Amino acid sequence: MPRPVRVRIAPSPTGTIHLGLARTALFNWAFARRSGGRFVLRIEDTDRERSTSESEQEIIEGLSWLGIEWDEGPDRGGPFGPYRQSERIESHREAARTLLEAGRAYRCFCTPKRLAELREGQQARKETAAYDRRCRALDPAEAAARADAGEPFALRFAVPPGETRVDDLVRGEVVFQNVDIDDWIMVRGDGNPTYNFVVVCDDAAMEISHVVRGEEHLVNTPKQVQLFAALDSRPPRFAHLPLMLGGDRKKLSKRAGDVSLEDYRAKGYPTGAILNFLALQGWALDGETEVFSTRRFVEAFRLEDVSKGGAVFDADKFRWLAGEYLRAESPADLAGHCAPFAAAAGLLDERQLTERAEWFEAVVAGERERISLYSELPDRIAYLFAADDAVAWEAKAEKNARKQGGALLAEYLEWLRPRLTGGVDAPALREATRAWIAERGAAFGVLFQPLRCALAGKAGGPDLFDIMAWLGGEACLRRIAVAIERLAAVREGER
RNA sequence: GGCCCCUUCGUCUAGUCUGGCCUAGGACACCAGGUUUUCAUCCUGGCGACAGGGGUUCAAAUCCCCUAGGGGUCACCA
């Protein structure tokens, strides 16, 4: 019998947003949208030591920045609240009590020391490390008496005999033998519940219909399925997403480089590119189309189409995709996205950005083919802000300039001087300069290479006459004059 | 090591369920050429894979079995 689609992500607020979490969020969200269901954000702050409200904020802010929106969550409430696990502790205690009374859970008085020794022995004998279920044999009344007397205990789930089947939407049916499932701890000695316990209690209480998460959780699933049964609650369908892998083909981790969403935000990846790339990790639109909108993704997304094998994170492809999105932006949008990076680099302050908005937009539009990330702009245009007599020359630019020599440049400067008084008319100047070079029977490069070096100090870049227009006539003339001297002076020095 | 999952170009993947249209398609990267005042963008072309072995079948990347390899997980973490 079908039930309303309700999915969730349950991140623990213990750090930054991992790309894996971002993808899980994206897939859950897309699935909910596609099926007309609800997407829930639940903060999994079971680990009180490591959970912080800053991290929770970061999760909320980061996912919002990406454009992923949840229907219920700690920041916006909802009919199944509260949405922070720590605030649901009473219901967890209640569930634990019920399970204990029903005999589905039992008190374990084993000390951490004994457990450690047990584990060591099992490992030494190459046996499966699992609790030996010693306390499961205890008489409930006796156990209750010991607990009343103040003896510390943990609560373990009593795994029943038999087997557990998980009908995974991505992987098909997966069967586990219950003897292989440990009598895992539901409530710790200090009274705090564990993740595997609360996650099921909350999923049940919030009527979660589908659990879509990373493959590392697949082995937890039988424990959870058994708990749903013990709770007399209908279990959700499961879908385990393939892992995102690092270059070593192991689970993507900090070791592999930048794995947090914030890293990519700081580097200036367009949000559309991030979403698009994440969608491609374990899913494909039609096998042909690589660049597609979030809208198309949502329309076409089906859990059944998710691939099973792990996906190695391809930083090159991600960067390429970023460039595709960046280049598709309007000049105004692109300028707006690049502005903070230009400001951070100390090129322009906010006031200048406002006053010279049109100018900045033109510059950004002129550089767009050469950058893939917003953060790459400042380096490309820094020369525009250099002092005219101190433009940094790249080695290759200088080499090109030197190959052609400054003679023609000096001649050009004299020709140019009277033509720049009334501002720079790029198209007209381009035409006139071409004619001027043709008159002399020279190749374009003989003038353009030294000129490019003089103006920008770079071997490549936008159209020279656009650069002149951005720079303004006075600056151009000064830079060319300085370059003529510089080219001549060094030649002297070489002798 | 136990349990579980996975296996198509270097990488992301289409094709696998419903065997034939697959001399296996697309993309990134790489290489070559073209366009351009340069760089880049862009365009064209090239390189490059069904892990191995059996079986079923007229026919297998697609179905079955075995082997190998990789990964995940084995906490009073989440």
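We use all heavy atoms of the structure for the numbers below, so side chains are in, but hydrogens, waters and symmetry mates are not. All values reported here derive from a predicted model rather than from experimental measurement. Chain letters run A, B, ... following the sequence lines, proteins first, then strands; residues in each count from 1.
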N/O donor-acceptor pairs under 3.5 Å from side chains in residues 437-445 of chain A, not counting sequence neighbours:
residue : atom : partner : partner atom : Å
A/R440  : NE   : A/W436  : O            : 3.2
A/R440  : NH1  : A/E411  : OE2          : 2.5

Using Watson-Crick or G-U wobble geometry with both distances under 3.5 Å, which nucleotide pairs with B/U23?
none

B/G55 to B/G48 separation - C1' atoms, rounded to the nearest Å
31 Å

Would you mind reading off the distance between A/F277 atom CZ and B/A27 atom P, rounded to a whole angstrom?
17 Å

Take the angle between the ring planes of A/Y264 and A/F318 and call it parallel below 30°, perpendicular above 60°, tilted in between.
tilted

Let me know the distance between CZ of A/R213 and P of B/A78, rounded to the nearest Å.
14 Å

Base, sugar-phosphate, or nothing for A/L115, non-hydrogen atoms under 4.0 angstrom?
base

Students often mix this up, so state it plainly: with edges at 30° and 60°, are the rings of A/F27 and A/F297 parallel, tilted or perpendicular?
tilted

Closer to the 5' end of RNA chain B via nearest nucleotide, is it A/R119 or A/N196?
A/R119

Sticking with atom P, work out how far B/C47 lies from B/C31, rounded to a whole angstrom.
16 Å

Touch check for A/H240, heavy atoms < 4.0 angstrom, all strands: base, sugar-phosphate only, or nothing?
nothing

Take the protein atom CZ of A/R319 and the nucleotide atom P of B/U41, then report the distance between them rounded to whole Å.
10 Å

Using the C1' atom as the point on both nucleotides, what is the distance between B/U62 and B/C22, in whole Å?
11 Å

Within 6.0 Å of CG in A/D333, more than 12 heavy atoms from elsewhere
yes

Pair partner, B/A68 [Watson-Crick or wobble, under 3.5 Å]:
B/U7

Within the supplied structure, the quantity of interest is the number of heavy atoms (other residues, nucleotides, ligands) at a distance under 6.0 Å from A/R114 CZ; does it exceed 12?
yes

Taking the same atom, P, in B/G34 and in B/G53, what whole-Å distance lies between them?
43 Å

Provide the Watson-Crick or G-U wobble partner of B/U38, both distances under 3.5 Å; none if there is no partner.
none

Strictly by modelled atom types, are A/E329 and A/Y374 linked by a side-chain donor-acceptor pair under 3.5 Å?
yes

Expressed as a whole number of Å, how far does the C1' atom of B/C9 sit from that of B/G54?
26 Å

Nearest whole Å is fine: how far is B/U36 C1' from A/Q449 CD?
13 Å

Side-chain contact check for A/K250: nearest option of B/C76, B/G72, B/A40 is B/G72

Report, as a single string ordered 5' to 3', how protein heavy atoms within less than 4.0 Å touch nucleotides 4-17 of chain B: B base, S sugar-phosphate only, - not at all.
SSS----BBSS---

Within the structure shown, what part of the strands sits under 4.0 Å from A/E324 by heavy-atom distance: base, sugar-phosphate, or nothing?
sugar-phosphate

Quick check on B/U73: is either OP1 or OP2 less than 4.0 Å from any side-chain nitrogen or oxygen of A/K251?
yes

Would you say the base of B/U38 and the side-chain of A/R452 have a donor-acceptor pair closer than 3.5 Å?
yes

Kindly assign one of parallel, tilted or perpendicular to the pair A/Y412 and A/W415, based on the angle between their ring planes and the thresholds 30° and 60°.
parallel

Separation of atom CZ in A/F444 from atom P in B/U35, rounded to whole Å
14 Å

With a non-hydrogen cut-off below 4.0 angstrom, is A/C453 in contact with a base, only sugar-phosphate, or nothing?
nothing

Is the NZ or CZ atom of A/R146 positioned over A/F109's six-membered ring, under 6.0 angstrom from the centre and within 45° of the axis?
yes

Taking any heavy-atom pair under 4.0 Å as a contact, classify A/N400: base, sugar-phosphate, or nothing.
nothing

Within the structure shown, what part of the strands sits under 4.0 Å from A/A459 by heavy-atom distance: base, sugar-phosphate, or nothing?
base

Rounded to whole Å, how long is the line connecting atom CZ of A/R114 with atom P of B/A75?
15 Å

First encountered from the 5' end of RNA chain B, between A/F153 and A/G461
A/G461

In A/Y325, A/W320, A/F292, A/F313, the residue satisfying ring pair (Phe, Tyr, Trp, His ring centres under 6.0 Å) with A/F277 is A/F313

Which nucleotide, if any, forms a Watson-Crick or G-U wobble pair with B/G2, using both distances under 3.5 Å?
B/U73

Rounded C1' spacing from B/C5 to B/A49 in Å
23 Å

Roughly how far apart, to the nearest Å, are B/U67 and B/C4 at atom P?
14 Å

If we check side chain to side chain contact (heavy atoms under 4.5 Å, CB included) with A/L416, which of these qualifies: A/L451, A/L409, A/L477?
A/L477

Quick one: look up who B/U44 pairs with, Watson-Crick or G-U, both distances under 3.5 Å, and put none if it's unpaired.
B/A32

To the nearest Å, give me how far apart CD (A/E216) and P (B/G70) are.
21 Å

Quote, to the nearest angstrom, the P distance that separates B/G25 from B/A68.
32 Å

With both distances under 3.5 Å as the test, what is the Watson-Crick or G-U wobble partner of B/U18?
none

For A/H217 and B/U73, what is the distance between atoms NE2 and P respectively, to the nearest whole Å?
9 Å

